[in-house]
Amino acid sequence: MWLFIVSDAITFSAVIFAYGYLRLASAAWPRPFETPSIANATVMTFVLLSSSVAMVLAVRASSLGKVSGAVGWLVATALGGVVFDVLHIREWLGLIAEGVRPFHNPWGTPMFGAAFFTMTGLHMLHVTIGVIYLLIIAVGFQRRKFSAVDVEVSGLYWHFVDLVWMFIFPLVYLLSAKTA
Amino acid sequence: MEHAETAGNKIIFSVWFGLLGLTVLELILAYQELPLETMLTVLMVLSVVKAALIIAYFMHLRYELPSLFVTLIPALVFVLIMMTAIFADSSRLAHMRSLLE
């Protein structure tokens, strides 16, 4: 899992660097995120960080052999992921309704949409896969098919997804906040 | 993956509050009228601190063998530094655009 995480980190870095490249090379990069969007993204950050804590507690419960505790915390973690996804999709739909498309938007550089949807979409895909992964682990751990080590490894993946958001959140939202 | 020592509740919850606090700090910074370069630098430093906290405590790399850290992290940092090479070209494009206008 650590090797996968490092390679996935490089994939995300490539996407984030591409975003930085486009933004630096573009004349009129849109800054469309008004306070409600920023508030939404901040809540998403808090939800993801809190789900990581639930994951830590799941790993601990599993290593102590507390099956129901571990399953409960795993489900809580997955629930955090679902809340994150729902808030994020709601925001995507809002932007699409405002006319943002991968190669067109009402404000400025056309590539904004492509960069935004690729980066946040890749992350959303990771969260969605993570939710499915955690639920499979929860069911398997309950049925004694998976060990505490399997829970721990799924935790590494989940914390990594959380970690990536710690970069996307300031780069995409905070640096595009509509100030003044 | 087996290890004798992991972070206790006190540490985990301190890290959690630390991460939430750093997020709030970033949020406050976003509304300050700072030059973009300064803002980018400060936000990225804070994000690296948050990432390091997550890796060290939540992913408990701090409690693993040092060889795991040595195998993974320096190579990743090296690749990231190599990738910054593209930004010279990016600022060249911005410069050329200003010459054209």
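Each chain gets a letter, A, B and so on, in the order the sequences are listed, and its residues count up from 1. Quick caveat, the model's predicted, so the values are computed rather than measured.
- Taking a 6.0 Å sphere around CE of B:Met96, one finds it holds 12 or fewer heavy atoms contributed by other residues, nucleotides or ligands.
- Only the side chain of B:Phe13 comes within contact range of chain A, judged by heavy atoms closer than 4.5 Å.
- Looking at B:Pro74 and B:Val77, their side chains never come closer than 4.5 Å, going by heavy atoms from C-beta outward.
- For A:Thr45, the part sitting under 4.5 Å from any heavy atom of chain B is the side chain, from C-beta outward, and nothing else.
- Both the backbone and the side chain of A:Ser50 come within contact range of chain B, with heavy atoms under 4.5 Å apart.
- Ring to ring, A:His123 and A:Phe169 are not that close: their centroids are 6.0 angstrom or more apart.
- Looking at A:Ser26, only its backbone comes within 4.5 Å of chain B, counting heavy atoms on both sides.
- Counting heavy-atom pairs closer than 4.5 Å to chain B, the top-ranked of the candidates A:Asp162, A:Leu57, A:Val53 is A:Val53.
- Using a 4.5 Å heavy-atom threshold, the side chains of A:Tyr173 and A:Thr42 count as separate.
- For B:Ile54, the part sitting under 4.5 Å from any heavy atom of chain A is the side chain, from C-beta outward, and nothing else.
- Linking Ile, Leu, Val, Met, Phe, Trp and Tyr whenever their side-chain heavy atoms come within less than 4.5 Å puts A:Met44 and A:Val86 in one cluster.
- Contacts of A:Ala14 with chain B are made by both backbone and side-chain atoms, with heavy-atom separations under 4.5 Å.
- Interface residue B:Thr84: backbone and side-chain heavy atoms are both found under 4.5 Å from chain A.
- With a 4.5 angstrom heavy-atom cutoff, A:Val56 touches chain B only via side-chain atoms.
- The residue among A:Phe160, A:Trp158, A:Phe46, A:Tyr21 with the most heavy atom pairs within less than 4.5 Å of chain B is A:Tyr21.
- Of the atoms belonging to B:Val15, not a single heavy atom falls under 4.5 Å from chain A.
- A:Phe117 and A:Trp92 have their aromatic ring centers within a separation under 6.0 angstrom.
- Here the side chain of A:Thr77 pairs a donor or acceptor atom with the backbone of A:Met55 at under 3.5 angstrom.
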